[in-house]
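Input: a single structure, listed below in structure tokens.
Heavy-atom basis, side chains included; hydrogens, waters and symmetry copies ignored. Each chain gets a letter, A, B and so on, in the order the sequences are listed, and its residues count up from 1.
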Protein chains: 4
Amino acid sequence: MGAVKTKRMPRAVREQQMLDAAVRTFGQRGYMAASMDEIAELAGVSKPLVYLYLNSKEDLFTACIRREATALVAAVRAGARPGLPADRQLWSGLTAFFTHTARHPDGWAVLHLQARTHGVVFAAEVAAMRAEIVEFVTQLILAAARDAHRDPDLPEREVAGLAEALVGAAESLADWANTTPGVTVRQSAATLMNFAWAGLGDLMAGRRWTPPDDEPGPETAQSGLTSPVT
Amino acid sequence: MGAVKTKRMPRAVREQQMLDAAVRTFGQRGYMAASMDEIAELAGVSKPLVYLYLNSKEDLFTACIRREATALVAAVRAGARPGLPADRQLWSGLTAFFTHTARHPDGWAVLHLQARTHGVVFAAEVAAMRAEIVEFVTQLILAAARDAHRDPDLPEREVAGLAEALVGAAESLADWANTTPGVTVRQSAATLMNFAWAGLGDLMAGRRWTPPDDEPGPETAQSGLTSPVT
Amino acid sequence: MGAVKTKRMPRAVREQQMLDAAVRTFGQRGYMAASMDEIAELAGVSKPLVYLYLNSKEDLFTACIRREATALVAAVRAGARPGLPADRQLWSGLTAFFTHTARHPDGWAVLHLQARTHGVVFAAEVAAMRAEIVEFVTQLILAAARDAHRDPDLPEREVAGLAEALVGAAESLADWANTTPGVTVRQSAATLMNFAWAGLGDLMAGRRWTPPDDEPGPETAQSGLTSPVT
Amino acid sequence: MGAVKTKRMPRAVREQQMLDAAVRTFGQRGYMAASMDEIAELAGVSKPLVYLYLNSKEDLFTACIRREATALVAAVRAGARPGLPADRQLWSGLTAFFTHTARHPDGWAVLHLQARTHGVVFAAEVAAMRAEIVEFVTQLILAAARDAHRDPDLPEREVAGLAEALVGAAESLADWANTTPGVTVRQSAATLMNFAWAGLGDLMAGRRWTPPDDEPGPETAQSGLTSPVT
DNA sequence: CATGAATGAGGGTTCATTCAT
DNA sequence: CATGAATGAACCCTCATTCAT
């Protein structure tokens with residue numbers, strides 16, 4: 001198994017092969033369970049060559065994270081074209097996101113599962129990428145508010161929290177779609193848009209769901225599903 | 001550190017001590033980095049006894065997952081009392097969830113981070129628990145629809161997706177709250193309720209955000225935040 | 001080969017076996033060329049046990065140095081009994097030294113060759129032992145001066161230099177005796193006594209060999225072998 | 001750093017550059033810790049060329065030993081000019097020896113430390129050179145005896161031992177001088193001459209320090225510093 | 001049951017050494 | 001000859017796991 005053993009390739013090519021193998025192995029086995037032996041074999045090279053090019057397991061993992069993070073951000077940015085209205089941009093950004101994570105499940109596992117579980121150094125690496133996406137979504141939300149000519153009193157802090165929640169929900173859905181068979185990209189994106197867009201609209205309109213007092217006891221709460229809307 | 005070394009305890013108690021130590025070690029060090037030596041020492045027990053009671057590292061980890069999963073589900077179920085209206089049930093269920101994950105960060109790390117990153121066997125174990133919670137939320141959504149006397153055309157698949165998204169968002173928020181200092185349980189729950197409830201209400205009212213055709217091309221869509229309502 | 005594989009020995013015994021094997025291997029192969037595998041096999045144990053008891057190759061080497069250094073100093077001290085006159089004490093100290101180094105050639109190689117060639121940490125370890133012996137010899141020289149009622153103007157600094165030279169010569173002779181077949185302990189000791197004792201006496205009497213001017217050119221120097229004596 | 005990269009040099013020159021780099025690296029890092037990569041880089045040469053010219057690490061090391069040994073012997077021989085009386089010849093030989101070792105510390109480290117600590121093959125190489133120097137010193141001692149017209153009963157074996165001791169002491173002093181700052185060549189040579197010359201003179205005059213019987217027991221020996229003379 | 005003794009198996013890392021270009 | 005690509009063979013170290021007492 002593994003790539004066909006072709007000899008004497010230029011360094012750049014070999015490095016990509018190694019990163020391919022590493023992402024796959026790290027994504028499936030996990031960072032610690034992945035052995036450099038397995039990665040080297042899967043890449044069709046000897047272990048010393050992996051070390052010659054990528055120095056150490058940590059560096060190799062970091063290189064994987066960087067490559068996958070860059071690719072993911074690029075995919076999302078390429079998906080959401082700036083000319084469109086905000087909701088359409090969000091839609092196509094989500095579509096691109098789900099498409100990319102579905103096409104690169106190991107890369108996504110490396111970013112979302114492995115990198116966050118094995119040391120702050122790696123976690124920081126993905127946190128940087130995530131922050132970029134969150135910022136992107138934040139701008140989208142603000143743009144949507146401008147589009148709707150409604151900018152009542154949404155403090156920047158709250159917008160950031162909403163973007164966090166949206167991104168978090170998207171990440172969870174990506175995991176779910178990757179694990180559950182038969183879920184299409186459009187379904188995931190549509191679910192999330194439906195789930196989130198109205199909530200955003202309500203918030204911007206100043207309508208909120210008010211939590212009850214802390215330990216309410218038996219009271220006749222009459223809040224229904226339609227209550228926040230009206 | 002570690003439990004005080006007391007002799008001759010009944011097996012059930014000893015096992016709980018071991019699981020306590022294991023959950024803590026697995027949660028903090030990670031599955032692979034946790035050593036049986038450390039767990040045994042933290043439990044105040046000799047290593048052979050750990051093997052006598054729990055067979056292997058894998059079995060020990062599985063036992064940890066099962067115990068923590070059961071506890072989490074129980075906490076959520078206990079939180080949401082059946083008599084209340086659906087949104088209040090969801091609110092108290094979320095509150096219970098965030099409270100539990102905040103009080104048992106190592107258990108939560110075991111379930112949400114470690115179990116999903118180290119082999120399908122463990123992942124399946126948490127998937128079962130998660131399915132239980134998702135089903136619980138699904139029933140809540142359906143009950144909410146009944147409460148509102150509006151059950152137009154919500155296909156089961158879509159409800160499942162919504163429940164997934166809600167649970168996923170809750171999980172993300174739990175992680176975020178566990179990592180970010182100064183975030184209270186009420187804040188997390190309120191953020192999520194605000195974010196989600198309106199979307200759910202809109203969906204049940206038949207209002208949805210309609211995705212564009214697949215490769216949209218340059219079209220002059222002027223949908224703003226209110227557009228999905230129309 | 002190696003020790004007969006006896007199982008379940010108390011730790012102290014096993015440790016000595018390991019140190020025996022380590023001293024032998026380090027002495028013959030050298031620190032870097034010695035492999036932990038070989039040492040473990042020679043000791044009749046598995047490699048992990050060596051690590052369990054002695055932590056690392058460095059620690060193992062340090063333990064070897066300490067054990068051999070302590071043994072050597074003890075042997076020399078035991079040899080030179082305090083009641084005798086200084087020259088006799090020196091004689092028996094030298095005899096003990098040569099006897100010990102001849103009986104433990106690997107230990108001597110560890111101390112004199114390996115420890116000095118592989119890192120300052122190890123070198124410092126033997127330097128401490130050597131300083132102890134040099135101090136011992138220094139005291140012997142001073143005692144000899146007292147015995148002979150001649151304490152003219154021998155500055156402490158010079159005595160230290162002489163002790164250094166004497167110890168250095170003894171070390172070299174030990175190497176030589178270990179490498180050249182047919183050299184007895186008595187021969188080595190006698191050679192060194194004859195070589196050194198008169199020089200010491202002359203120095204204490206204030207007689208020195210005076211070096212010529214720096215670049216003398218062709219001059220009729222008439223210093224013979226007897227000149228310093230007179 | 002390293003030699004300036006100049007192209008197309010004759011083989012002999014290239015080889016010397018490699019040997020220079022090798023001696024320096026071996027002397028500072030030690031035989032095993034020195035890597036062929038480092039040597040090649042320091043020599044300003046590609047690694048395959050090193051192998052083309054010098055075959056292997058072992059051969060390269062042997063070549064270093066031979067070159068440095070030859071240079072050292074030549075320096076000593078050149079120092080001691082045959083016309084002078086024996087003590088002056090010894091003096092100038094020692095001076096040359098200390099001068100050379102001080103000027104080529106890496107070469108000296110290779111000969112005296114590295115070659116003796118890494119396998120019998122290398123040790124034999126330096127042993128041959130050392131034998132040459134010892135023989136040279138032996139001849140000097142015999143010449144001195146002739147000069148003094150006193151050749152009583154000096155057995156060849158004993159002369160050899162004396163030469164060994166003298167050379168060994170010189171070697172120790174060279175190490176000491178190389179490690180201790182502020183020690184001049186003249187000081188080293190003077191120390192050794194003072195230390196040794198009287199002993200030699202006494203021996204040639206037939207005066208020796210007589211060792212006691214093997215297991216002496218409690219006897220009232222009152223030998224002081226002057227006793228061997230009597 | 002608790003303890004100390006003990007190990008098989010494997011993981012990360014390095015290095016001398018060799019070809020093809 | 002110089003260079004970059006490539007590797008076989010170790011080496012140090014660790015850990016889950018098991019017995020004998």
Quiz prompt | Phosphate OP1/OP2 of E:dA6: any C:R14 side-chain N/O under 4.0 Å | solution = yes
Self-check item: From C:I39, C:D20, C:D37, C:D106, residue fulfilling side chain to side chain contact (heavy atoms under 4.5 Å, CB included) relative to C:T25
Solution: C:I39
Exercise. Measure the distance from CG on D:L54 to P on E:dA16 and round it to the nearest whole Å.
Key: 14 Å
Quiz item: Just checking A:A34: base, sugar-phosphate only, or nothing, at a heavy-atom cut-off of under 4.0 Å?
Solution: sugar-phosphate
Exercise. Measure the distance from CD on A:E58 to P on E:dG11 and round it to the nearest whole Å.
Key: 18 Å
Practice problem: Check every strand shown and say whether D:S35 touches a base, only sugar-phosphate, or nothing at a heavy-atom separation below 4.0 Å. | Solution: sugar-phosphate
Exercise. Describe, in one word, how the ring planes of B:F26 and B:Y31 are oriented to each other, choosing from parallel (under 30°), tilted (30 to 60°) and perpendicular (over 60°).
Key: tilted
Exercise. Indicate the atoms forming the closest heavy-atom contact of B:V110 with B:G27, along with that distance.
Key: CG2-N, 3.8 Å
Quiz item: In whole angstrom, what separates C:R11's CZ from F:dT21's C1'?
Solution: 18 Å
Quiz item: Where each residue is assigned the nucleotide of DNA chain F containing its nearest heavy atom, which of D:L49 and C:P48 is assigned the position nearer the 5′ end?
Solution: D:L49
Quiz item: Could you give the CD-to-P distance, from D:Q17 to F:dC1, as a whole number of Å?
Solution: 12 Å
Exercise. By nearest nucleotide on DNA chain F, pick out whichever of C:Y31 and B:M32 is the more 5' one.
Key: C:Y31
Practice problem: Hey, which sits more toward the 5' end of DNA chain E by its nearest nucleotide, D:M36 or C:S46? | Solution: C:S46
Quiz item: Below 4.0 angstrom from OP1 or OP2 of E:dT17, is there any side-chain N or O of D:Y51?
Solution: yes
Exercise. Could you tell me the separation between the CG atom of B:D59 and the P atom of F:dT17, rounded to a whole number of Å?
Key: 9 Å
Practice problem: Give the ring-plane orientation class for B:H118 versus B:F61, where under 30° counts as parallel, over 60° as perpendicular and anything between as tilted. | Solution: perpendicular
Quiz item: Does any nucleotide pair with F:dG4 by Watson-Crick or G-U wobble geometry, both distances under 3.5 Å, and what is it?
Solution: E:dC19
Exercise. Rounded to the nearest angstrom, tell me the gap between atom CG in C:L60 and atom P in F:dC11.
Key: 15 Å
Practice problem: Kindly indicate whether the side chain of D:K47 and the base of F:dT3 share any N or O donor-acceptor pair separated by less than 3.5 Å? | Solution: no
Quiz prompt | Any A:R14 side-chain heavy atom under 4.5 Å of A:Q17 side chain | solution = yes
Practice problem: Rounded to the nearest angstrom, tell me the gap between atom CD in D:E41 and atom P in F:dA2. | Solution: 16 Å
Practice problem: Please state how far atom NZ in D:K57 lies from atom C1' in E:dC15, giving the value in whole angstrom units. | Solution: 8 Å
